[in-house]
Amino acid sequence: MEIIEIENLKYVYAQNIYGKYYIPYNSVHRPCPQIILKGGVWEYETLKFIESEYKGGDIIHAGAYFGDFLPFLSSISKNFNVFAFEPVLENYKCSRLNLSLNNIKNVELFNNTLSNTNDKLYIKKTLDGVFLGGASHVSTNKNYDQVSDGIKIDDLFNKISKCSIIHLDIEGHETQALLGAKNIINHFKPILIIESAINDPTVKELLIMNNYKFLKKVNDNFVLKSET
């Protein structure tokens, strides 16, 4: 495995049917990099579902990790924009490299944590000295490795022409992200692809108000679609 050093960070190179990738060397033990290093696709069924349902419009995607979804999302939404979020600085830098590597122009990448606040949030990105990769998560001010600025999906309202899909893979912080997207959800009724939060009472209220129904489960994601 060849190690490539860029701006004092170490990466390995991989590619699959959707694109080319630098992967953080400290993440190669994680499940997603292991699949992509073999030329595979992480959550292939999720990507195929998105492709089958996409009818135009901007896409919101978090957490981007090292950007493994970004070439695919960029290609299907070529006439619109992808707004992607990755709070872990090393992963954000890698995603940014991969946007350049794949010559992607329609993705706006944010080094922020999606939430229902613009306050500082605390990110846990290691466990016993081992990098958590895509399992990095919002933690407490007593157990963290990095501070991140919160951002609400609704903060992007004036940038979005039509929001078609919100895909959240943010390790248990989905409730806060959805509550920070009330205006976008009320206005656009995008398809929601989320790992958790569907049983949270405040999220349930938001979903019921907008006539969302559970459609199916793809990989470990719940898919909800508005019937309005």
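Start at 1 with the first residue, then count along the sequence. Atom set for the values below is all heavy atoms of this structure, side chains included, hydrogens, waters and symmetry mates excluded.
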Heavy-atom nearest pair, Ile3 first then Lys10, reads CG2-CB, 3.8 Å
Residues 169-190 vs ring-ring contact (aromatic ring centres under 6.0 Å, His included), sequence neighbours excluded, gives Phe157-His187, Phe157-Phe188
Start with the C-alpha gap between Phe110 and Glu86, add the side-chain angles, then the distance that decides, and say whether side-chain contact (heavy atoms from CB on, under 4.5 Å) holds. CA-CA 6 Å; Phe110 297 83; Glu86 176 48 55; over 6 Å; no
Can you confirm whether more than 12 heavy atoms, excluding those of Glu5, are under 6.0 Å from its CD atom?
yes
Could you tell me whether the side chains of Asn16 and Tyr21 share a donor-acceptor contact shorter than 3.5 Å?
-> yes
The salt bridge (Lys or Arg N to Asp or Glu O under 4.0 Å) partners of Lys182 (sequence neighbours excluded) come to none
Answer yes or no for Lys217 and Phe222: cation-pi contact, defined as NZ/CZ to six-membered ring centre under 6.0 Å and angle to ring axis within 45°. yes
**OP:** Would you sort out whether Lys152 and Thr117 count as a side-chain contact (heavy atoms from CB on, under 4.5 Å), showing the intermediate values?
**Re:** CA-CA 6 Å; Lys152 295 178 284 187; Thr117 178; 5.9 Å; no
Q.
Given 3.5 Å as the limit, does a donor-acceptor pair link the side chain of Asn102 with the main chain of Gly19, or not?
A. no
Closest non-hydrogen contact found for Asn118 with Ile151 is ND2-CA, 3.7 Å
If you define the side chain from C-beta out and look only at heavy atoms, does anything of Ile165 sit under 4.5 Å from Ile60? no
| query | Within the distance-only criterion (no hydrogens, no angle test), does the side chain of Asp58 pair as donor or acceptor with the backbone N or O of Cys163 below 3.5 angstrom? | reply | no
Quiz item: Quick one: are Ile4 and Ile6 in side-chain contact, heavy atoms under 4.5 Å?
Solution: yes
For residues 35-45, which side-chain N or O atoms pair as donor and acceptor with protein atoms under 3.5 Å away, sequence neighbours left out?
from	atom 1	to	atom 2	distance (Å)
Glu43	OE1	Thr46	OG1	3.4
Glu43	OE1	Asn221	ND2	3.0
Glu45	OE1	Asn219	ND2	3.0

Donor-acceptor list for residues 64-83 side chains, cut-off 3.5 Å, not counting sequence neighbours:
from	atom 1	to	atom 2	distance (Å)
Tyr65	OH	Ser27	OG	2.9
Ser74	OG	Asn106	OD1	2.5
Ser75	OG	Pro71	O	3.4
Ser75	OG	Phe72	O	2.7
Ser77	OG	Leu73	O	2.6

Residues pairing under salt bridge (Lys or Arg N to Asp or Glu O under 4.0 Å) where one sits in residues 189-212, two or more places apart or in two chains, turn out to be none
Note: with side-chain heavy atoms under 4.5 Å as the link, the other cluster members for Leu127 come out as Leu132
Same apolar cluster (I L V M F W Y, side chains within < 4.5 Å links), Ile104/Ile59:
yes
OG of Ser196 to CG of Leu178, rounded to nearest 0.5 Å, is 8.5 Å
- Query: Can you tell if the side chain of Ile166 reaches within under 4.5 Å of the side chain of Ile153, non-hydrogen atoms only?
  - Reply: yes
